Structures are given as structure tokens and as C-alpha cells.
Amino acid sequence: MRRTKIKSLLDSGELNSEVLVKGWVRTKRGNKQVNFIALNDGSTINSIQVVANPEELGEDLLKLVTTGSCLSVTGKLVESQGSGQSKEIIAEKVEVLGTADAEKYPLQPKKHSFEFLRDIAHLRPRTNTFGAIFRIRHAMSFAVHQFFNEKGFYYWHTPFITGSDAEGAGEMFRVSTLDPKNPPLNEDGSIDYKQDFFGRETNLTVSGQLEGELGALALGDIYTFGPTFRAENSNTTRHLSEFWMIEPEMAFYDLTDNMDLAEEFLQYLVQYALDNCADDLVFLEKRLLDEEKNKPAAERSEMSLTDKLRFVVENKFERLTYEEAINILRNSKPNKKKKFQFPIEGWGTDLQSEHERYLVEKHFKKPVILTDYPKDIKAFYMRMNDDDRTVAAMDILFPGIGEIVGGSQREERLEVLTARMDEMDVPQEEMDWYLDTRRYGTAPHSGFGLGFERLMIFITGMGNIRDVIPFPRTPGNAAY
Ligand code: ATP
Ligand code: MG
């Protein structure tokens, strides 16, 4: 007999048919006459109830059925007698594929803290919460590809190992096969990277954007979706050292086109989750409600998880310039009462997450797109505005997160670009390949980067970015 996944049994399994299921035991309860086993195979958050008779199947066998053990069960699918589930399996044959020592198994059937579960990240996908998160993570990845494919964008693979350090100077992970104890040296004592594997200094990429632009200026519309590495020592709930980023890059888009696409994209992804991940979202919503109950009333969120998701889909994002945002922040209560950790000094200060969240959560109460940032706090490739002091940048700010998207119209004018590179000490010799796109058939173009895990925090309502990626990498932590 072929195995049926539990999801398909619960959705459309034929009553009174013989079925074979395989999965892991979540709980077992009962008595000498009858055992109720909740079996889960990861295909859905819902476990199927297996009803087992110890006299028929053997008491010794059923003793091996403990939380965490793995079973193969053959039996009859019937309408459930009890409440809480629609169907159950009356077991005719139970095989224990793998036992799990009940005393030692770390995932006891009770509530565990997320800190504890992070330490056993190899087992946490077996919990309801993490099962839900990682199924949604899959659905969101699929939705990313579907969105761009429907729009005629090409999936463009940019390198993980890069010889360009234009953007990430100082926060990159070096890639080298040189012997760290005895590296070849130049006469001046510096390391001779000419003798390294690639004949030059190489690092892990901090962004695929510059190489993405090369694709857009040939194929029109491209997107990247891959891992990104940052060696910055930011131990926050929103930063990982290895995270996944989606970076579309579009020829002939100006900043407004860019914002329109980013807004449509985010709304599409959220709607996709609402349409396709209902069971998992209902579970996560309940989890969040329970968590909120333990908070003081003033800190509780007024909206449930799915309310928040619907709110993003149904409301246009608020668009305003950096300058307008600074004025709002300068006159805000927390600034006047010196409640911000970083007070707003005036035009030119970089916004911190606390400011971004004030704008989104307190002032506008919806997602916000800020545009036209001072050139000094943004990257060299962003297009200079006519005022000569701001650039055509846009950041999208989300509730609970702050920045979720960063993007810009790119500087397509060769002279303006090279002047900016000189101003910001970006070496032109090493970027000749990039400048070639401006020398030959340059074109207006734009793009943005969406941090995939920041999106996942929003969709799942989780509070820590370490809990929305299977194996988080953060300073001091690279297990597995
Ligand atoms: P932040 O100010 O939050 O550090 P950033 O300005 O460094 O962000 P960008 O370089 O613009 O971010 O990267 C584009 C997007 O990638 C961000 O909008 C965010 O969603 C995501 N992102 C950036 N750094 C990280 C990180 N360390 N971990 C997870 N996601 C990140
Ligand atoms: Mg950063």
C-alpha cells in the first residue's frame, strides 16, 4: 500500500478506506483499553488521531509509542467519535520505525521557550510553531518566484563569492584558502592575495545588486533571490549574519515605478499567505494572542495577526520624503520628551529603527515609504536629485520591524556617478565592469532589496529573526 500524507487524508481522504500513514508522535494518551495517538508528518499543522487497541496490537509494542517516536500505521479511516478532529484512523497494524527515549527526548509535550528551542534548532521543526513557520517560509519563496514569473522577470543568479567590495567594505566575510598561520606576504608585510585561490582578495557577497544591474541592462527585468552575508556585529532581533534577500532590478523604471512595484509585491506576498497558509496562520495567531495576554495592557497590540496582514493588503502605503519625516519626528512627543535613544537633531541624521517604528506604528499607523534621503547617508549608486543634496532612494517601513525594503533609482549618468564615487572613495579601477554599463547604452533603471526574513517576521508575527530561518547565523553562533 502507498503512504498517504496526513494533509491529503484530512482534506479528502475517503471514509472507511484502508490507509497507510507515517509520521512522528506528538502525544499519546489513553488507558489499558484504548490509546489515542496524535501523529504528525509535517504535511499540515494538524495531526491525525490514531486509535490503537493495546490488546489487539500488543501492549509491549504500544509502550514504544512515545512522544517523538516515528510510526508507520495501517488502518481504517473513519469519522471521528471524539471532538477536535473530523477523521481518525482505527489502527490495524502499527510499526515503530524509530523509538524516542521518553526521558531523554528534549521536546516534551509542553510549552518550551524560544530560547531553549534555538539551542535545539535541529529538533525544533517538529514543534507546531516551527512547522508552521517553515511551511509558510516555503510558500513565501514560491510566491516570490510566481510573482516575478507572471510579470516576465528573469531569475538572475549573482555570485556568492565576489571580488567586488564596493558596498560592504569592512563588514564582509573573507573567502580564502591561504594558511592563516603562514600566509604569503608582500614586501611591505601585507598579505599577498595574488597567491590566494582566486588570485585576488575575495569575500562573501553583501548584496547582489551591482551584478543585478548588469542583468537588468540586458534582459530588462530581473530579480535575485539568494543568501547574503554581513559580518556586522549587530545583535538585534532584526539582523542575521546570513540572510536571504530578494533584489529585483528593472530597466526604464523611475523611483515611482520602483515604489509601485515594491508595494504591489509586498501586498501580493501577504495576500498569498492569507490565501494559502490559513491553517498555519490561525495557529500562529492564537500563539501570538496567548503571548500578548502576558503583556501589560498598554503594550498589547490592538490587532490580531491576520488583522495586521489584511490591513497591509487593504491600505495604500503612505509616501513622504525624508525631510517631511524629519519634521514629523522633530515635533513628535517622544522627541520633545527625550524618549528617543537617538534624538532627532535635524536634517541629515540617519533614522534609527525607533524613529521608523514611530512613524509607522504611532503616526501613520500603516506602512510608510520614505523617499529622497540626504546623499551623505546613502550609497554611491543612488541617483542624484536636482537639488544636489538628496538622492532618489526609497525605504519601506513596516510595523514591528522598521525597514523591510531599501531601494533607489540608480545613477545612470557616467559623469555624475564617477564624481560620486570619488567623493565617497569608491575605487573606480575595480569597478570598471560596472561603469561599462554607463559607458555603453546606459539607461534609467531602478531596483530594491527585500530582506526575506524581515518579511517572514511580519507574516508570522514572530518577535525574533532567529526564529524564522531554520539555521540562524549570528555573531558567535554557527551551529550545524
Ligand atoms: P538596516 O538599517 O536594518 O541594517 P540596511 O540599510 O543595512 O538595513 P540594506 O542594505 O538596504 O539594509 O538591505 C536591504 C534589505 O535587507 C533591508 O531592507 C532589510 O530588509 C534586509 N536586511 C539588511 N540587513 C539585514 C540583516 N543583517 N539581516 C536580515 N535582513 C537584513
Ligand atoms: Mg544594516
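Both ligands and their constituent atoms are indexed starting at 1 by order of listing. Not measured: the values here are computed from a predicted model.
- For the pair E453 (side chain) and V468 (backbone), a donor-acceptor distance under 3.5 Å is absent.
- Ring centroid separation for the pair F317 and F364 does not come in under the 6.0 Å cut-off.
- If you number the atoms of ligand 1 from 1 as listed, the ones under 4.0 Å from a heavy atom of I404 come out as 18 (O), 19 (C), 20 (O).
- Comparing heavy-atom distances from atom 7 (O) of ligand 1 across R230, E403, Q209 singles out R230 as nearest.
- No donor-acceptor pair under 3.5 Å is formed between the side chain of R473 and the backbone N or O of F229.
- Every atom of ligand 1 is numbered from 1 in the order shown, and the set under 4.0 Å from a heavy atom of G406 is 18 (O).
- Residue contact check: V405 has heavy atoms under 4.0 Å from atoms 18 (O) of ligand 1.
- Each of the atoms 14 (C), 15 (C) of ligand 1 lies under 4.0 Å from some heavy atom of G449.
- Below 4.0 Å from some heavy atom of E232 lie the following atoms of ligand 1, by number and element: 27 (N).
- Heavy atoms of M245 found under 4.0 angstrom from ligand 1 belong exclusively to the side chain.
- Here the side chains of S47 and I6 are not in contact, with every heavy-atom distance at 4.5 Å or above.
- Numbered from 1 in the order shown, with element, the atoms of ligand 1 that lie under 4.0 Å from a heavy atom of G451 read 15 (C), 16 (O), 20 (O), 21 (C).
- In this structure, a donor-acceptor pair under 3.5 Å is present between the side chains of Q428 and D422.
- Near I465, the atoms of ligand 1 lying under 4.0 angstrom from a non-hydrogen atom of the residue are 29 (C).
- Some N or O of L240 is nearer than 3.5 Å to an N or O of ligand 1, by distance alone.
- Summarising the local packing, CZ of F471 is surrounded by more than 12 heavy atoms from other residues, nucleotides or ligands at distances under 6.0 Å.
- Listed by first and then second residue, the side chain to side chain donor-acceptor pair (under 3.5 Å) pairs involving residues 154-163 amount to none (not counting sequence neighbours).
- By the 4.0 Å heavy-atom criterion, R454 is counted among the residues contacting ligand 1.
- For the side chain to side chain donor-acceptor pair (under 3.5 Å) condition, the pairs that include at least one residue of residues 337-360, sequence neighbours left out, are R357-E361.
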